[in-house]
Protein chains: 2
Amino acid sequence: MTLDVHRLRVLAAVAQHGSMSGAAEALGYTVSAVSQQVRKLEAEVGQPVLERHSRGVTLTDAGRAVAEHAELIDRQLHSLRARLDDIAGLRAGSLRLGTFPTAGSSLLPLAVTRFRQEHPGVHLSVSSSRLRGLLNMLESRAVELALLWDYSWSRIANPGLKITHLLDDPTALIVSATHPLADRRAVRIPELAEEPWIIRADGHPVGELLLRSAHTAGFRPTIAFEANDYQEAQAMVAVGLGVAMVPRLALAGLRDDVRVLSLGAQVPSRRVLLARLAGRRPTEAESRMGQLLVEIAGSPSLLRGSTSS
Amino acid sequence: MTLDVHRLRVLAAVAQHGSMSGAAEALGYTVSAVSQQVRKLEAEVGQPVLERHSRGVTLTDAGRAVAEHAELIDRQLHSLRARLDDIAGLRAGSLRLGTFPTAGSSLLPLAVTRFRQEHPGVHLSVSSSRLRGLLNMLESRAVELALLWDYSWSRIANPGLKITHLLDDPTALIVSATHPLADRRAVRIPELAEEPWIIRADGHPVGELLLRSAHTAGFRPTIAFEANDYQEAQAMVAVGLGVAMVPRLALAGLRDDVRVLSLGAQVPSRRVLLARLAGRRPTEAESRMGQLLVEIAGSPSLLRGSTSS
DNA sequence: GCTTCGCCTTTAGCACCACTTAAGTATGCC
DNA sequence: GGCATACTTAAGTGGTGCTAAAGGCGAAGC
């Protein structure tokens with residue numbers, strides 16, 4: 001017959017106090033309740049667990065075995081409770097984060113570092129992916145939080161996601177260090193009408209960004225190269241193949257042989273966003289990480305680093 | 001709040017089957033029951049254990065912790081069940097036995113050996129003591145079974161004990177190897193009227209035995225020495241200090257320099273008894289040991305050993 | 001020998017709770 | 001839109017774990 005854990009614990013109390021009356025008092029029961037539970041336990045066990053005599057009871061071998069295991073189970077429960085408290089108190093648990101590559105080299109490292117310092121017990125894992133991958137990871141629950149980005153003409157509007165706006169990442173121009181514009185601090189779009197351009201491959205929105213800006217300025221840009229990431233784009237710019245529009249956050253690792261020029265408000269900014277699945281209450285870890293990201297995104301030092309270099 | 005083990009196991013089932021419906025089917029419950037139990041569990045835990053979404057549920061960190069510990073507790077229960085089965089099947093458990101010294105050197109070793117062969121998992125312990133000590137040990141439950149003895153005029157009549165008669169242990173006479181009677185096989189009491197006697201100290205019943213036998217034969221014995229045990233008595237007999245009446249079982253370790261003479265039915269036998277506390281159902285181990293002792297006591301080889309040597 | 005006390009048991013009854021039934025909500029797929 | 005899947009909610013019921021009360025039993029004390 002199946003053993004009932006509650007009954008085991010009643011017997012453990014009897015064992016501990018040496019009598020049913022003692023156990024009853026300790027448990028806040030009447031003696032009768034204890035007696036009945038012990039009797040049912042004996043039916044489950046298939047043999048007596050107590051020897052009754054006029055001055056209390058003594059445990060049989062079977063009773064001792066039961067009491068011992070009940071203690072072990074009790075310990076399991078306490079350890080579980082402790083573990084749950086750890087998770088609630090951000091001393092344990094896990095948080096899985098998704099990010100896109102250029103946030104991965106600026107905003108995210110700061111947040112990860114601070115989170116790890118604050119909560120060393122929480123297992124933090126980060127996966128980097130492109131935008132489409134990130135959305136998949138969110139929806140398949142491979143990550144709890146993801147950093148995303150969008151431009152004004154292609155807003156992420158997924159009703160399944162709860163989105164927090166972290167910061168605006170302005171678009172800058174990069175040119176080779178040997179380019180005639182290399183010593184300028186800023187430039188106006190119409191000045192760039194004759195430049196060959198480096199854009200991102202695969203219809204990356206930075207291409208759209210260029211087309212729109214050029215159109216507003218009244219020219220059609222010449223595309224000289226389609227790069228797979230911003231590092232490659234920088235390299236092409238460096239050797240003078242063309243100039244490129246890039247988000248400031250993508251310039252964390254700036255090469256010596258390229259220069260950054262401000263485009264001011266002539267070109268739309270990229271929004272950097274934090275997303276989580278809507279419809280689920282965020283865990284403590286998610287909330288805390290969200291707070292940290294908002295704080296860090298709001299601090300002015302984040303973008304200054306890339307402009308001043 | 002206190003964690004209910006049953007609920008933990010429900011969650012473990014959910015974890016195992018990946019959905020409440022799966023768990024419900026496995027447990028023989030309705031989905032509704034599982035849902036309600038999980039909800040109550042979350043109240044106990046203080047945080048969500050599941051994330052619900054349209055295609056089932058996934059565990060939170062807290063849920064995983066709960067499910068893991070539930071598995072551990074399940075294992076504890078299985079191990080307890082196995083241990084209880086071992087105890088019931090005499091593959092585990094313990095048996096504590098009390099004995100008096102002369103049974104300890106004959107009847108008991110055989111029984112102990114056979115019991116240990118049959119049930120190597122049962123922890124068998126034997127305490128040797130005098131009669132009064134044995135009764136105390138029984139009543140204080142320091143032993144479950146005890147070997148006792150009595151004579152016809154001082155029967156053990158304790159209503160708290162359940163007594164089994166194992167065998168009759170005849171009384172023999174021992175004399176020095178140099179004694180005139182040394183080559184006889186038997187002797188009649190009246191022939192011993194002039195002998196000095198060795199008896200046991202502290203009013204041991206063997207003294208009473210001598211007095212009664214002598215009185216029947218019409219003489220008053222001369223007491224030459226009061227020995228503390230039968231080994232000492234043998235030693236005194238060996239050096240010719242006197243002769244002694246001893247139970248056959250006490251002659252397991254017979255010295256070279258003493259001789260045993262039969263007294264036949266002239267002198268009352270000692271009864272050897274097995275006692276357990278009345279009013280408690282004997283355990284399997286007690287029953288089996290009882291059987292073994294009855295068998296061994298009934299086999300003719302037991303006393304032959306000491307008479308033939 | 002009687003009561004008294006401590007401890008466990010038994011019986012009856014009540015209250016709670018874990019379950020079922022049934023209806024409802026949300027989401028995804030044809 | 002409608003159906004299917006999966007969980008939730010509300011109401012109702014049976015089982016069971018508890019209390020209360022009475023009782024038995026052995027030990028201790030007068």
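Sequence lines set the chain letters: A, B, ... in the order given, protein chains first and strands last, and positions in each chain run from 1.
Remark: of the listed residues Ile73(B), Leu72(B), Leu77(B), Leu72(B) is the sole one forming a side-chain contact (heavy atoms from CB on, under 4.5 Å) with Arg75(B).
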Tell me, for nucleotides 10-24 of chain D in 5' to 3' order, what letter each nucleotide earns: B for a base near a protein heavy atom under 4.0 Å, S for only sugar-phosphate near one, - for neither? B------SBBB----
Expected string for nucleotides 25-30 of chain D under the B/S/- scheme (protein heavy atoms, under 4.0 Å, primed atoms plus P, OP1, OP2 as sugar-phosphate) is -SSS--
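Distance CG (Leu8(B)) to C1' (dA18(C)): 16 Å, rounded to an integer number of Å. Straight-line distance from the CD atom of Glu42(A) to the P atom of dC8(C): 13 Å, rounded to whole Å. Protein atom CD of Glu51(A) is 13 Å distant from nucleotide atom P of dT9(C), rounded to whole Å. Rounded to whole angstrom, the span from the CZ atom of Arg39(B) across to the C1' atom of dA6(D) amounts to 14 Å.
Applying the 4.0 Å criterion to OP1 and OP2 of dC7(C), one finds that Arg52(A) has every side-chain N and O outside that range.
Annotation: side chain of Leu147(A) is not in contact with side chain of Leu273(A) (no heavy-atom distance under 4.5 Å). At least one side-chain heavy atom of Arg288(A) sits under 4.5 Å from a side-chain heavy atom of Leu90(A).
Sorted by first and then second residue, the pairs that involve residues 18-30 of chain A and meet side chain to side chain donor-acceptor pair (under 3.5 Å), not counting sequence neighbours, are His6(A)-Tyr29(A). Within the structure, the salt bridge (charged side-chain N to carboxylate O under 4.0 Å, His left out) test picks out the following pairs touching residues 6-17 of chain A (sequence neighbours left out): Arg7(A)-Glu44(A), Arg9(A)-Asp74(A).
Ile87(A) and Gly93(A) make their closest contact through CG1-N, 4.1 Å (heavy atoms, listed as atom of the first residue, atom of the second, distance). Taking every heavy atom of both residues into account, Pro205(B) and Trp153(B) meet most closely at O-CZ2, 3.8 Å.
A salt bridge is absent between Arg83(B) and Asp86(B); no separation between the charged side-chain nitrogens and carboxylate oxygens falls under 4.0 Å. A salt bridge links Glu42(A) with Arg52(A): at least one charged nitrogen is closer than 4.0 Å to a carboxylate oxygen.
Although no hydrogens or angles enter the test, the distance criterion places no donor-acceptor pair under 3.5 Å between the side chain of Arg276(B) and the main chain of Ser287(B).
Contacts between residues 14-26 of chain B and DNA chain C, counted as heavy-atom distances below 4.0 Å, involve no residue at all.
Looking at residues two or more places apart in sequence or on another chain, you find no ring pair (Phe, Tyr, Trp, His ring centres under 6.0 Å) involving His17(B).
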